[in-house]
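Read the structure below first, then the notes.
Note on naming: letters A, B, ... go to the chains in the order of the sequence lines (proteins, then strands), and numbering restarts at 1 for each one.
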Amino acid sequence: MMRKVILLLLLLCFTAHTRGKLHSPPAKPGLTSCRSPEKETFTCWWKPGSDGGLPTTHALYYRKESSETVYECPDYHTAGENSCFFNKNDTSIWVNYNITVVATNALGRAFSDPVEIDVVYIVKPNPPEKVTVTVMEDKGWPFLRVSWEPPHKADTRSGWITLIYELRVKLEEEIDWEMHLAGQQKMFNIFSLRSGGKYLVEVRCKPDHGFWSEWSSTSYIKVPDYFHREKSTWILITVFSTFTFLILMWLLHMNRHNLKHCILPPVPGPKIKGFDKQLLKNGKSNQIFSALVVPDFPPATSSNYEDFQVEYLEVYVRREQELVLEESKDLHNSCLKSESSTSDCDSGRGSCDSHTLLMAKCREAKEGERQTDRECSPMRTEAQRRLKDWEEEALNYAHAGIVSLEMSSGRVKTWPSVFSPLPRYSSSPLDQQSSLQMAKQLSLSTSSYLTQPGHSTKEALGQSYWDLCLSSKQPHLLNPPTPVCRELQAHSDVNISSIGHKRAPAGPRSPALHTTEYVEVQRVDNKDTLLLQPVVQGCGRMGGCFQMPHGEVYSKVKGVDSDNVLLLQREGMGEDRCPCVEQETNEVTGSCHKSCTVSTTQKPSGCIYTAVPVRDEMATMANGYVDTATMCTLHTC
Amino acid sequence: MNRGVWAVLLWPNLLASSVPLDCREEQGILSRCPSISQEKLLDRVIEHAELIYRVSEESCSLYEDMFIPLQFQRNQVGYACITKTLPVPSSKNEIQQISDKWLLHSVLMLVQSWIEPLVYLQTSLDRYNAAPEMLLNKTKWVSEKLISLEQGVVVLIKKMLDEGMLTINHSEQGLLQNGVQPQMLESVMRDYTLLSCFKKDAHKMEAFLKLLKCRQTDRYNCS
């Protein structure tokens, strides 16, 4: 029994299960949405629930806000399935609708949740229509013009519904859209297009209180290819600049040599006279250096001093050096020689202020020469005695007054021919006669200078002196009598170069001079006449003037005869003293100098006067010393 | 952005006096009342209505976001509008059938019926603790603008309909007392109801006026 009941129950359950779904009342439907496209009609859609296995019907009921009357949906079909369409007559604006959907089947009903709607707020218009896109140009730049129309149902003309529009654009190959809000206008321009691109355009609209419509159908547009005006300009500029650049390069290439010279100036090569680079390259050094050798250089001992172009020499003798000089004639000679050989003075200041040098050299030979000096001193008187003899001989010679030149510090200011340096004495004994001879020679040579300024004899002045000195071993003879103030400041304007030194014949020996009288050469005028002034022994400076000749014997240069002999005249004592007190300040130097003009007619003592007009332009007085011994020989008194 | 533009354009109206000038009675003094054409006046009125609607819509959504979070509450306000008793056309068919005179009068009724409630709304919102200032400003602005709209409509009526000055009788509008819903004692719901109802009525005004304008220009094509 029990088993049968159980079996029956199982059968019932099984049959119930095999029948499928269980019948049940329908599930609750739900309103999905209600939409009005133009604010004049609207549609509601619902979604039905499970029907419970039985055929279910749905009904939509609605109630307006101000009344309790329930109305059923007037149109179930227009809008499709599960929809209810409210037409114009049934649609009230600004009125709340309470809508409910009811599902009914055999077993029961199901009510959906009520929905309150106001048509005004559920407006979702249709998409805009007649969307047209055209390509237009704006000063060569293309742009898209999109125009459309509102959905035909929406009554925007009367202002019943106000729509705002929005469009979107993108290139065909892109993903993201570019949105543009157009407002209430029905036309829109799109700029900044890509040349040759294909664009897609869509438009949608929305009422001021509602939902956005769907996007309109896509419009395709292809932008034509256009050339960037900017690009063309840039291309033009590039081409032009390239052209210019090429031209510049070409010009530089053509002028590269000049440019090279400008930027990297060539290093000047050696410009040695006679130097041949090719010879150097060839490697024959002998030939090169032989070419370098200038035949005239270095000047030989007998080289002419004319090359030096010295206008005048200044002999400057310092007081303190006088004693030294006296006793070291050789020294001086050597000094002079060295000086002359080394001096390049073209200013006339012969020694070039190499006082110390000269002195040093002088001192070196000083001791060596002492003995000779002493030997010479006794010769003095002897020389004087021989003056007469010499005088005769001197007639044959044109002697310029041998003026001993004291060069203490080597500052030669004197006319070289006139001022004889301290004679250099050789080892051989020198007669006074020989010295006189030398003096003659010297005077001869000197006179030659005087008369022939253009004399081209190339004889070093020093040479004559030296010759003279050689002839006599009496350096003292040529020494100024007084060691004091033996400043020789003779500026000779005569070009030394013009002074040709005759090489005094080594042979003739002038008679030994025994006198130690000297004549100062005051001036040498432009006519190459020499004014001599006898130097007084022991003269001292007076008032800045040079030594006052107060010696007994002094000579004047009388003149130069035709044989180019400087005639010296021994002036009378006292009378012919040069008024050396007179101080004439030369314009040029302003130094005191004596300007003793000796007139030829001054002393009719029978002496031959040789007057030498003084050159006024001479800067300073030339203090030349003429060996009175020689002058005495000339004396024709 | 459009609303902002409207607000900027119409801001001088905030200072406008609310008493319409009576220019017709004073014949001699023409300079005192600068005349304006009917079309321009209608356009101005429409602009006013549009702006009022936009501002009211913004206020309502502000209020909704802040105080009415639930959707079901938002749906309940439809029944409590104070102006539902007014004989205002509510469908397009009705509106199309109604005359211009009735359109204008409807607008005027609406405007006049909302002046007082908005003042009440203002006071109510001021009592709030967390009411945003923008909301308060908007509602204040709307209430002021409504008054100027009323003046405009009155003048429009006088011009278009050649009617005499309608007396502005606010004392008759005791709608607020009538519209008190016993179930909505909460101030929040009451205020929200006011805002949403006003928003709807503002839209009504705008629609009526626009339709009126369409009729002025092209009577037969206006739907």
**Message:** Counting only non-hydrogen atoms closer than 4.5 Å, does L209(B) touch chain A with its backbone (N, CA, C, O), its side chain (CB onward), both, or neither?
**Reply:** neither

**Message:** If you count every heavy atom of other residues, nucleotides or ligands that lies below 6.0 Å from W215(A) atom CH2, does the total exceed 12?
**Reply:** yes

**Prompt:** Can you tell me if CD on E174(A) sees more than 12 non-hydrogen neighbours from other groups inside 6.0 Å?
**Reply:** yes

**Request:** Report the residue from D155(A), T91(A), T41(A) that forms a side-chain contact (heavy atoms from CB on, under 4.5 Å) with K92(B).
**Result:** D155(A)

**Message:** Restricting to salt bridge (Lys or Arg N to Asp or Glu O under 4.0 Å), what partner residues turn up for K186(A), sequence neighbours left out?
**Reply:** none

**Request:** Scan side-chain atoms only and decide if K210(B) and T162(A) contain a donor-acceptor pair under the 3.5 Å cut-off.
**Result:** yes

**Message:** To the closest 0.5 Å, what do you measure between CH2 (W94(A)) and CG (L110(B))?
**Reply:** 9.0 Å

**Toward chain B: residues of residues 200-212 of chain A with heavy atoms under 4.5 Å** = D208(A), H209(A)

**Complete:** Residues S92(A) and S91(B): closest non-hydrogen pair is CA-CB, 4.0 Å

**Request:** For C44(A), check disulfide (SG to SG under 2.5 Å) against everything at least two apart and list the hits.
**Result:** C34(A)

**Request:** Can you tell which part of D113(A) gets under 4.5 Å to a heavy atom of chain B, answering side chain, backbone, both or neither?
**Result:** neither

**Item:** Heavy-atom neighbours of K213(B) NZ exceed 12 at 6.0 Å
**Value:** yes

**Prompt:** Do other residues, nucleotides or ligands put more than 12 heavy atoms under 6.0 Å from E81(A) CD?
**Reply:** no

**Complete:** Sequence neighbours excluded, the answer for side-chain hydrogen bond (donor to acceptor under 3.5 Å, both in side chains) partners of Y128(B) is Y63(B), D191(B)

**Message:** Are there over 12 heavy-atom neighbours, none belonging to E133(B), within less than 6.0 Å of that residue's CD?
**Reply:** no

**Asked** Do K199(B) and V120(A) touch side chain to side chain, with heavy atoms closer than 4.5 Å?
**Response** no

**Prompt:** How many angstroms lie between atom CG of N89(A) and atom CD of E94(B), to the nearest 0.5 angstrom?
**Reply:** 10.0 Å

